[in-house]
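Here the structure is a predicted model, which means the values were calculated and not measured. All values below come from the heavy atoms of this structure, side chains included, with hydrogens, waters and symmetry mates left out. Throughout, protein chains are lettered first and strands after them, A, B, ... in sequence-line order, and every chain is numbered starting at 1.
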2 protein chains.
Amino acid sequence: MTQEAVSRDTSRGVSDAERVTSRLRQAIVAGEFAPRQRLVETDLIEMFDASRGAVRAALAALTVEGLVEKVRNRGARVRAVDLDEALEIVEVRAALESLCAARAAERIDEGGVARLRAIGEVMREAVNAGDGEAYAQANRDLHQEVMDISGAKVAPDVVKRLRAQNVRYRIRLAMQPNRPTTSLPEHLEIVEAVCAKDPERASEAMRAHLNSVYEATRDYFAQRG
Amino acid sequence: MTQEAVSRDTSRGVSDAERVTSRLRQAIVAGEFAPRQRLVETDLIEMFDASRGAVRAALAALTVEGLVEKVRNRGARVRAVDLDEALEIVEVRAALESLCAARAAERIDEGGVARLRAIGEVMREAVNAGDGEAYAQANRDLHQEVMDISGAKVAPDVVKRLRAQNVRYRIRLAMQPNRPTTSLPEHLEIVEAVCAKDPERASEAMRAHLNSVYEATRDYFAQRG
DNA sequence: GTATGCATTATTGTAAACAATGTTGTTCAC
DNA sequence: GTGAACAACATTGTTTACAATAATGCATAC
């Protein structure tokens, strides 16, 4: 095991537990495990070639993060987020990301302006080309870049954790063919407002965008679940 | 161990790991462990009469919660929150609790009005009697009750975790002798705004109160650390 | 007197065995 | 044929022992 470990990706200075936590988190967020799917320790041991201790530590960590739920003596499973909670998450994101957008508008420098405008350009092109995957990636980049520029730590951390929790709703929403018709102008307004160094406008643009996400999520999933 | 466990407080249906997590969290928040104090597993095993596995699970959970930090092969210690982060936490609380206050104003019923007004009364009396401890408790009760009435889950969870992280700043701030002169009217306005079922006013009252907490925290700790 | 290398110790990381619990399937009585 | 008791199995919870790592103190060379 020790020799084998040396040959593994990130075994340098990273414990097995952290490695398993990271990979399991990624697998859940990527949708490789369905909601409510059981996470049997033995299976995970084989899957990640790790010890039981590492697997248990990972499950404990992801339970605190809200990605996994455990029932005593019955094991762990992928936590299913229902529509009500998904909508609450969007509300919280609206409150926190609008705050970060305002801070970003106050602090942005030339490099930040260039990066944001570049993301905006990628979005335009992705929509023109009908490339949903590229648009989704640029969407992630935009939200992340705004939070990076804000210089904050606490709010982005919270947002990151919450985004992981309802990744499923976001993905399925983003797959809607004409969703960009609504969201592209909102995204571009966020870019312009932050680059204009107008905190009030930036905050409002971000809030408006996430309100739109809220409504689209609610309307789309109301029946279908 | 098994026989002994039966005689323990909450051993019914609660794993050792959960018990240790809960008690260690409480001890840290209560200030029984100083910031940056080392948390040696052996010591915690004796202190809580638990297995090493339980102690390790507890440390892992509290690390994710942000109360503990771990360094590989060097152990765990109580995480120290610096002033910048404490102020960020107050900002995030302002964003989330004002949201909850608005929701509470929309949803409150007669029972909620009675409970909020009762807390307001306790606050008035505590200030009159100069009872700082009673006032601090009522403060906690008020913020909690507003979040309970809001019916939300996500935002209150986040706030709870963040409040635990900078308990030290809150406590020392609350000990300021004439702090209630500023905060009591703010608290009473929150009560009245929520009871008046005015979401906009409630949101603004909560935001104003936490802005005041922000400024008081910044000014008081700016030099002293 | 200081610095460097080595041995010792303290502490955490990992693995494996054991115990307790819940689940499932089967048998037997009615 | 149905329901209850029971037994076999699967899975997690707990404990113990062992390995790896970093900190500490000491001896020795310069």
Q: Check the distance between C:dT12's C1' and B:Ile45's CD1 and give it to me in whole angstrom.
A: 11 Å
(Q) Testing the 3.5 Å rule here: is there a donor-acceptor pair between the side chains of B:Asp141 and B:Gln137? (A) yes
Q | Length of the CG-P vector between A:Asp43 and D:dT12, whole Å | A | 8 Å
Q.
Both A:Arg74 and A:Arg52 contact DNA chain C. Taking the nearest nucleotide for each, which residue is further toward the 5' end?
A. A:Arg52
Q) Counting side-chain heavy atoms from CB outward, which of C:dT14, C:dT11, D:dT12 is closest to A:Glu41? A) D:dT12
**Q.** Gap between atoms CZ and P, on B:Arg77 and C:dT11 respectively (whole Å)
**A.** 13 Å
Q) Nearest to the side chain of B:Arg38 - D:dG13, C:dT11, C:dG13? A) C:dT11
Q: Apply the side chain to side chain contact (heavy atoms under 4.5 Å, CB included) test between B:Asn139 and each candidate in B:Gln144, B:Arg170, B:Met123; give the one that qualifies.
A: B:Met123
Q | Side chain proximity check, A:Leu87 to A:Glu91, heavy atoms < 4.5 angstrom | A | no
Q: Let me know the distance between CG of A:Asp16 and P of D:dA20, rounded to the nearest Å.
A: 13 Å
(Q) Could you tell me how far apart A:Asp49 (CG) and C:dT14 (P) are, to the nearest whole angstrom? (A) 13 Å
**Q.** Note, A:Glu145 side chain near A:Leu116 side chain (heavy atom, < 4.5 Å)
**A.** yes
Q: Grab the NZ-P distance between B:Lys70 and C:dT14 for me, whole Å please.
A: 10 Å
Q: Identify whether any heavy atom of A:Gly53 sits under 4.0 Å from a base atom; if not, whether one sits that close to sugar-phosphate; answer base, sugar-phosphate or nothing.
A: nothing
Q | Sugar-phosphate, base or nothing in reach of A:Leu39, heavy atoms under 4.0 Å | A | sugar-phosphate
